Amino acid sequence: MNHSGAAVEVTKDRNGIDQVVLRNPRGAYARVSLHGGQVLSWRTDRGEELLFTSSKAIFKPPYAVRGGIPICFPQFGQRGSLEQHGFARNRTWIIDDNPPPLHPNDSSGKAYTDLLLKPSEDDLKIWPHSFEFRLRVSLTADGNLSLISRIRNINCKPFSFSIAYHTYFSISDISEVRVEGLETLDYLDNLCQRERFTEQGDALTFESEVDRVYLGSRDIIAVFDHKRKRTFLIQKEGLPDVGVWNPWEKKSKTMVDFGDEECKQMLCINGAAVEKPITLKPGEEWTGRLELSVVPSS
């Protein structure tokens, strides 16, 4: 787990939950909690925090932390019988000391950790499918954050699932942000009973609550933050859909773990597979990848 000046360290948070801290040789940093397998922090080599976490976030199980990158599995939103966004973000993952190998490019020059989630007996009562969910979180030499998910069916019958990396980006001001890469796509609007619409604009900007799933998107999405003069690039594989969410002020006031005004400082963009759930036959494995980078922009 330790390569060419990259460092990996296991620590505990104030509630005694194990966390893995990744650092690259230039000083970029990421922190992953074993509660939910959730990335809670991603910083540049200048110490700038790139992910949003609410000042009112609850860091004690059984709550999911409001911020960072919660993993929605095996259900997205309320599209099924499970709790909102499924149970993976509320479970304790373990460090996987001997994972099946990935391509050498996924290891060389990176600080990384491998995590594993298997269903408990209680999980099997509410979702009766045996699986192994392996997650590799990496920090590259350039400071990019990479998440690779491998989900294997170890059951004797097929199962289907949805998945999303519910990424909370830290932004200067929601009114100063635009998203490119979603133009002309169809989307399901969760504010209109998932009715299907087509994106008409050249770029997505924000002036009210947004809760959408864009379908069949290209593999790179860009989030321009004009005030901070930086752009997030979201590259993805195996994740055809993109969730976009900002609760705006009215909804923010109804959320106990979210500040009334914090909607101005965050934007959720999710690499996801939602519209067409992924089906795995016994023994089959699915792989999905998300790589986040940040570049200066005018």
Side-chain angles (χ1 to χ4, degrees), residues 52 66-67 69-86 89 160-226 231-255 258 261-279 288-292 297:
F52 166 87
R66 176 73 66 188
I69 311 180
I71 294 171
C72 307
F73 170 88
Q75 175 183 304
F76 180 73
Q78 294 171 325
R79 296 160 179 268
S81 59
L82 299 174
E83 63 196 83
Q84 163 102 349
H85 289 325
R89 64 187 188 143
S160 300
F161 65 90
S162 300
I163 186 169
Y165 297 104
H166 197 57
T167 309
Y168 286 77
F169 289 103
S170 174
I171 56 171
S172 59
D173 185 330
I174 189 66
S175 62
E176 298 279 342
V177 166
R178 77 179 199 274
V179 181
E180 291 188 4
L182 304 174
E183 48 276 11
T184 74
L185 294 182
D186 282 2
Y187 64 86
L188 306 177
D189 194 333
N190 291 324
L191 303 178
C192 300
Q193 286 76 50
R194 299 185 201 150
E195 195 177 335
R196 194 175 184 121
F197 297 94
T198 301
E199 181 56 57
Q200 305 294 342
D202 291 338
L204 185 62
T205 56
F206 301 89
E207 11 190 80
S208 60
E209 182 183 354
V210 174
D211 188 353
R212 300 174 181 173
V213 177
Y214 286 83
L215 308 174
S217 83
R218 63 193 68 170
D219 289 335
I220 300 188
I221 309 295
V223 180
F224 295 86
D225 188 334
H226 302 295
T231 298
F232 290 108
L233 296 177
I234 302 152
Q235 294 176 265
K236 57 197 182 63
E237 289 175 36
L239 300 159
D241 305 324
V242 174
V244 180
W245 181 67
N246 184 290
W248 222 249
E249 287 171 24
K250 187 178 172 187
K251 183 152 193 190
S252 297
K253 288 174 180 166
T254 69
M255 294 155 58
F258 195 82
E261 302 278 316
E262 286 186 327
C263 59
K264 295 173 183 171
Q265 275 82 56
M266 57 70 67
L267 177 63
C268 275
I269 305 279
N270 310 340
V274 174
E275 189 200 20
K276 298 182 179 113
I278 294 152
T279 299
R289 296 164 182 265
L290 187 76
E291 182 154 322
L292 307 177
S297 57

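Bear in mind the structure is a predicted one, so any value in this text is a computation, not a measurement. FYI, the numbering just counts along the sequence from 1.
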Flag, side chain of Glu199 to backbone of Gly201, donor-acceptor distance under 3.5 Å: yes
Working to the nearest 0.5 angstrom, can you tell me the gap between Glu291 CD and Ile220 CD1? 10.0 Å
Using atom types as modelled and distance alone, determine if a side-chain donor or acceptor of Asn246 lies under 3.5 Å from a backbone N or O of Trp248. yes
Sole candidate of Leu292, Ile269, Leu239, Ile234 that passes side chain to side chain contact (heavy atoms under 4.5 Å, CB included) when paired with Tyr165: Leu239
Excluding sequence neighbours, so at least two apart, what forms side chain to side chain donor-acceptor pair (under 3.5 Å) with Asp186? Arg196, Thr198
Flag the pair Glu262 and Arg66 as a salt bridge only when some basic side-chain nitrogen lies within less than 4.0 angstrom of an acidic carboxylate oxygen. no
Can a donor-acceptor pair be found, under 3.5 Å and without considering hydrogens, that links the side chain of Glu176 to the backbone of Ile174? no
Begin from the C-alpha positions of Phe161 and Phe76 and carry the test side-chain contact (heavy atoms from CB on, under 4.5 Å) through to its verdict. CA-CA 9 Å; Phe161 65 90; Phe76 180 73; over 6 Å; no
Where do Ser170 and Phe232 come nearest, in terms of heavy atoms and distance? O-CE1, 3.6 Å
Side-chain contact test, heavy atoms from C-beta onward, threshold under 4.5 Å: evaluate it for Phe206 versus Val244 and give yes or no. yes
Would you name the heavy atoms of Pro70 and Gly67 that are closest together and state the gap between them? CD-O, 3.5 Å
Heavy-atom count around Asp202 CG within 6.0 Å, excluding the residue itself: above 12? no
So Pro247 and Met266, do their side chains get closer than 4.5 Å, heavy atoms only? yes
Cys268 versus His166, closest heavy-atom pair with distance: SG-NE2, 3.9 Å
Between Thr231 and Ala222, the two heavy atoms sitting closest are CG2-CB, 4.1 Å
Got Ser162 and Gln75 here, is their nearest side-chain heavy-atom distance under 4.5 Å? no
Is a side-chain N or O of Asp225 found less than 3.5 angstrom from the main chain of Val177, in a donor-acceptor match? no
Just wondering, do Thr167 and Leu290 contact through their side chains at under 4.5 Å, heavy atoms? yes
Heavy-atom side-chain contact between Arg178 and His226 under 4.5 Å: yes
Under the side chain to side chain contact (heavy atoms under 4.5 Å, CB included) test, which residues partner Asn190, sequence neighbours left out? Arg79, Arg194, Asp211, Val213
Which heavy atom in Ile163 sits nearest to a heavy atom in Ile278, and how many Å separate them? CG2-CD1, 4.4 Å
Leu204 CG to Leu185 CG distance, which is reported to the nearest 0.5 Å: 10.5 Å
Are Phe169 and Phe52 an aromatic pair by the rule of ring centers under 6.0 Å? no
Side-chain contact test, heavy atoms from C-beta onward, threshold under 4.5 Å: evaluate it for Phe73 versus Arg89 and give yes or no. no
Find out whether Thr184 and Gln200 are in side-chain contact, i.e. whether some heavy atom of one side chain is under 4.5 Å from a heavy atom of the other. no
Residue pairs, two or more places apart or on separate chains, that pass side-chain hydrogen bond (donor to acceptor under 3.5 Å, both in side chains) and touch residues 233-244: Ser217-Lys236
Taking C-beta and beyond as the side chain, do Leu267 and Val179 meet within less than 4.5 Å on heavy atoms? yes
So which heavy atom on Leu191 is nearest to which on Glu209, and how close? CD2-OE2, 3.3 Å
